[in-house]
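This report refers to the structure that appears directly beneath it.
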2 protein chains.
Amino acid sequence: MVTHAQRSRGTMTGTATGRRRSTTKAARARATLSDVAREAGVSLATASRALNGTSGRAVGDGLRERVQAAADRLDYSPDANAQAMARGRTASIGLVVHDIADPYFSSIAAGVTAAADAGGYAVTLANTQHDHVRELHFVQTLQSQRARAIILAGGRQDDDEANDRLRAALRGYREQGGTVAVIGQAILGVSTVRVDNVGGSAALATALHGLGYRRFGVMAGPQRHLTARERTTGFVDALARLGVDVPPAAVVHSEFTRTGGNTALAELLLRAPDVELVFAVNDVMAVGAMSAARDAGIVVPGGLAFAGFDDIATLHDVNPALTTVHLPLEEMGRLATPLALDAAAEPREVVVTGEVRLRDSTPARSA
Amino acid sequence: MVTHAQRSRGTMTGTATGRRRSTTKAARARATLSDVAREAGVSLATASRALNGTSGRAVGDGLRERVQAAADRLDYSPDANAQAMARGRTASIGLVVHDIADPYFSSIAAGVTAAADAGGYAVTLANTQHDHVRELHFVQTLQSQRARAIILAGGRQDDDEANDRLRAALRGYREQGGTVAVIGQAILGVSTVRVDNVGGSAALATALHGLGYRRFGVMAGPQRHLTARERTTGFVDALARLGVDVPPAAVVHSEFTRTGGNTALAELLLRAPDVELVFAVNDVMAVGAMSAARDAGIVVPGGLAFAGFDDIATLHDVNPALTTVHLPLEEMGRLATPLALDAAAEPREVVVTGEVRLRDSTPARSA
DNA sequence: TTGTACGCGTTATCAC
DNA sequence: GTGATAACGCGTACAA
């Protein structure tokens, strides 16, 4: 089935180069644009123009069809790498996430791929696994690949050294013509889809206060995690403005994950036994904590109410339904794409505001 | 801050080519390998060898360091596209999924990125959104990019035309030196991580039968969806072997999604009011159906028990905990990567068997 | 409208 | 061990 096409190549300068691919037996020589041109009986330039409108204007209808036919016949597939070299730019954008398995990021990725696809871009996915070094490394790799733009998704850490390093890497990338956008905090000096974590958690706090809750506990996530921190302070400060105090003892730190919420609940209950409602800075923590509460024999939401943040779609069917702050994750990815592609000198900022979704996990406490 | 480096380039053939990037103001000329070579006072060849061991043997220690220093000084970033051209191969693998926002695929993606990263490969993500045409298009795009390998994740459809087209596209890709692996069914003639859906659902059926259940309903997913079909028949056939009949009326078809499970429950209960347990062919459908049951005033699992398939991590905290068949999704992605990279002539097959996880949604019915 | 010829940045082959 | 130099496949001024 596999045929070894044996044919001369190009206009020939002299040495009949045996292709290096001759080592493997399964590979048939790729048809190049020169092959197509020769097959169609036109020049290389004409073939190029016929297959992608650009350059010196249009091509005669007859020729265009001949070239197209030849290309089809030879199963011609343009070499994107060669095109990238010749054009000086690629059609791919890099997406850097902390953990693609996390529904937060996979939703964003869905938005990015949709927008990229619509714009004719390919997406290179980089999964840092929460590792700063790896993140830096990916930026360099994407720069090597001459990715046209990079989208950095996910909140930043309070880590000056890491941030500085990243800023430097991004500066290098941008100086070489790349453009960048971040989803999270606007602290990198580039265009940002900023999540209004403070506003969202404040709105949530206010709504819960309106429901009659007064004694709150907070599962605040990692200390240096900016998103976690913003959501915590937004929540606590809003309550303070309402005259409700959240004692430091009722704020416990843990990982940003399901496990973090699950294991930290015990500590919270130990330090603040009288809380009525636990606000976890993201949904998965909230759900993990809810499970821990049940395992401890606590009735949910009767004995203890729970609220989260993000509104992860996969979690819509937990029982009781989780009160949370809805974030348009997929749209955030979609929004970030043109932002990343935009070469504007001044960084732009798009603010995404969450929307409070009151559900069964926080019933009114009017009684 | 941005400096316009004004320097001559290369050994110069004559025309002092003004770089095309001179139009934008923000871009600084990229340092090329020639620049590094000149800066270090060595030849291009030596510079190339110094920076990546290959080609004509080693480089003297002194020179190697000088080149490295020059590269650092100039902020040299190798052009992956140029390397790809010169080497005749890239270091990126394409991952094609139906929906990256689906936890099933995002977990697989996590496994693929981890394995790819370890092997020094970049991952290009393509999201088909369940569109055959788009899937085909992505294979061609990846071929254009000369991706070294392609991983097709996700079950196939019973659609000869679409499958044939895909097979043809893959054949073209492979003839040009690419390698392919599929996660799902082994019907494409390429290496496959095959999910033993039949065995998994059969084991589940047996276990549930052992728990005392006798009247089953099945939310069977889309008619032509092979994964859905395999899980359905595996389940039904195993019960038949145990002497339990699942009447056709108790098998309802719907979408493979949460919504599919949610909306189809009513129909199932209408057609088979006496079922004790509903097996949905994946977890999200099961959870959606569970919600629908609750909304209909049915007690879960007392009034109706539920089981799913996949064991999606994000769903671990639904209440009651969902009985399901555990699939090592991330590992499946990890396994698929070397399989995809392998250029073996004969397609290989790795079988992944699910593991039954009995949980609270299907309590023993010994009474 | 079409063709010629050069350059894109790198690797690899061959002499030295 | 090191240095010329020919590819790699394509886009595009420039000339015709």
Side-chain angles (χ1 to χ4, degrees), chain A residues 9-21 29-38 40-64 66-67 71 76-90 144-146 176, chain B residues 9-21 29-38 40-64 66-67 71 76-90 144-146 176:
Chain A
R9 306 192 55 82
T11 26
M12 288 294 89
T13 39
T15 38
T17 43
R19 309 208 90 192
R20 58 168 155 273
R21 209 175 310 100
R30 279 188 247 277
T32 72
L33 191 54
S34 305
D35 297 332
V36 175
R38 184 158 13 88
V42 302
S43 78
L44 222 183
T46 301
S48 172
R49 291 188 279 249
L51 296 183
N52 56 61
T54 50
S55 191
R57 286 304 186 286
V59 185
D61 282 3
L63 283 195
R64 128 166 299 104
R66 261 193 12 228
V67 172
Y76 171 68
S77 160
D79 185 322
N81 293 299
Q83 291 183 318
M85 279 205 56
R87 292 190 180 132
R89 68 196 140 76
T90 64
S144 254
Q145 292 179 177
R146 304 294 185 255
Q176 313 219 337
Chain B
R9 308 192 55 83
T11 25
M12 289 294 91
T13 38
T15 37
T17 42
R19 307 205 93 193
R20 57 166 155 276
R21 210 175 310 99
R30 276 187 250 275
T32 73
L33 189 55
S34 305
D35 298 331
V36 175
R38 184 156 15 86
V42 302
S43 78
L44 222 186
T46 302
S48 173
R49 290 188 281 248
L51 296 183
N52 57 62
T54 49
S55 193
R57 286 304 187 285
V59 184
D61 282 2
L63 283 196
R64 129 168 297 105
R66 260 190 17 226
V67 172
Y76 172 68
S77 160
D79 186 322
N81 293 298
Q83 291 182 318
M85 277 205 57
R87 294 206 250 248
R89 67 197 140 77
T90 63
S144 254
Q145 292 179 176
R146 304 296 184 253
Q176 315 221 339

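What you see is a predicted model, and the numbers here were worked out from it, not measured in a lab. Protein chains get the first letters and strands the later ones, always in sequence-line order, with residue 1 at the start of each. Hydrogens, waters and symmetry mates are skipped; everything else that's a heavy atom, side chains included, is used.
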Margin query: Would the distance check show the side chain of B:Ser144 and the main-chain N or O of A:Pro78 forming a donor-acceptor pair, the cut-off being under 3.5 Å?
Written below: yes
Check: For A:Gln145, does its backbone N or O pair with a side-chain atom of B:Asn81 as donor and acceptor, under 3.5 Å?
Finding: yes
Next item on the list: Give one of base, sugar-phosphate or nothing for A:Leu63, where a contact means two heavy atoms less than 4.0 Å apart.
Entry: sugar-phosphate
Margin query: If I take atom CD in residue B:Gln145 and atom P in nucleotide D:dC8, what distance separates them, rounded to the nearest angstrom?
Written below: 22 Å
Check: Please give, in whole Å, the distance from D:dG11 P to B:Met85 CE?
Finding: 11 Å
Check: Of all the choices, D:dG11, C:dT2, D:dC8, which nucleotide is nearest to the side chain of A:Arg87 once you look at every atom?
Finding: D:dG11
Margin query: With heavy-atom distances below 4.5 Å as the criterion, would you say the side chains of B:Asp79 and B:Arg30 are in contact?
Written below: no
Item checked: Distance, rounded to the nearest Å, where B:Asp35 contributes CG and C:dC8 contributes P -> 11 Å
Next item on the list: Round to the nearest Å and state the distance from B:Leu51 atom CG to C:dT11 atom P.
Entry: 8 Å
Checklist line | Any side-chain heavy-atom pair of A:Val67 and A:Arg64 under 4.5 Å | finding: no
Notebook entry, point to check: Between C:dG3, C:dT11, C:dG9, which nucleotide gets closest to the side-chain atoms of B:Asn52?
Noted result: C:dT11
Item checked: A:Thr32 side-chain proximity, nearest of D:dG11, D:dA13, D:dG9 -> D:dG9
Notebook entry, point to check: Between B:Leu33 (CG) and D:dT5 (P), how many Å, whole number?
Noted result: 17 Å
Check: What nucleotide among C:dA12, C:dC8, D:dT2 has an atom nearest to a side-chain atom of A:Ala86?
Finding: C:dC8
Check: Roughly how many Å is it from CZ in B:Arg38 to C1' in D:dA4, rounded to a whole number?
Finding: 16 Å
Note to self: Checking contacts here: which listed nucleotide (D:dA13, D:dC10, D:dG3) is nearest the side-chain heavy atoms of A:Arg49?
What the structure shows: D:dA13
Note to self: Reading DNA chain D from 5' onward, which residue's closest nucleotide shows up sooner: B:Ser43 or B:Ala82?
What the structure shows: B:Ser43
Margin query: In whole Å, I'd like the distance from the CZ atom of B:Arg89 to the C1' atom of C:dT11.
Written below: 10 Å
Notebook entry, point to check: Rounded to the nearest Å, what distance is computed from the CD atom of residue B:Gln83 to the P atom of nucleotide C:dT10?
Noted result: 7 Å
Next item on the list: Measure the shortest side-chain to side-chain distance between B:Val42 and B:Val59 over non-hydrogen atoms and say whether it is less than 4.5 angstrom.
Entry: no
Next item on the list: Please tell me which of B:Leu44 and A:Tyr76 maps to the more 5' nucleotide of DNA chain D, matching each residue to the nucleotide holding its nearest heavy atom.
Entry: B:Leu44
Check: Is any side-chain nitrogen or oxygen of B:Thr46 closer than 4.0 Å to OP1 or OP2 of D:dT2?
Finding: no
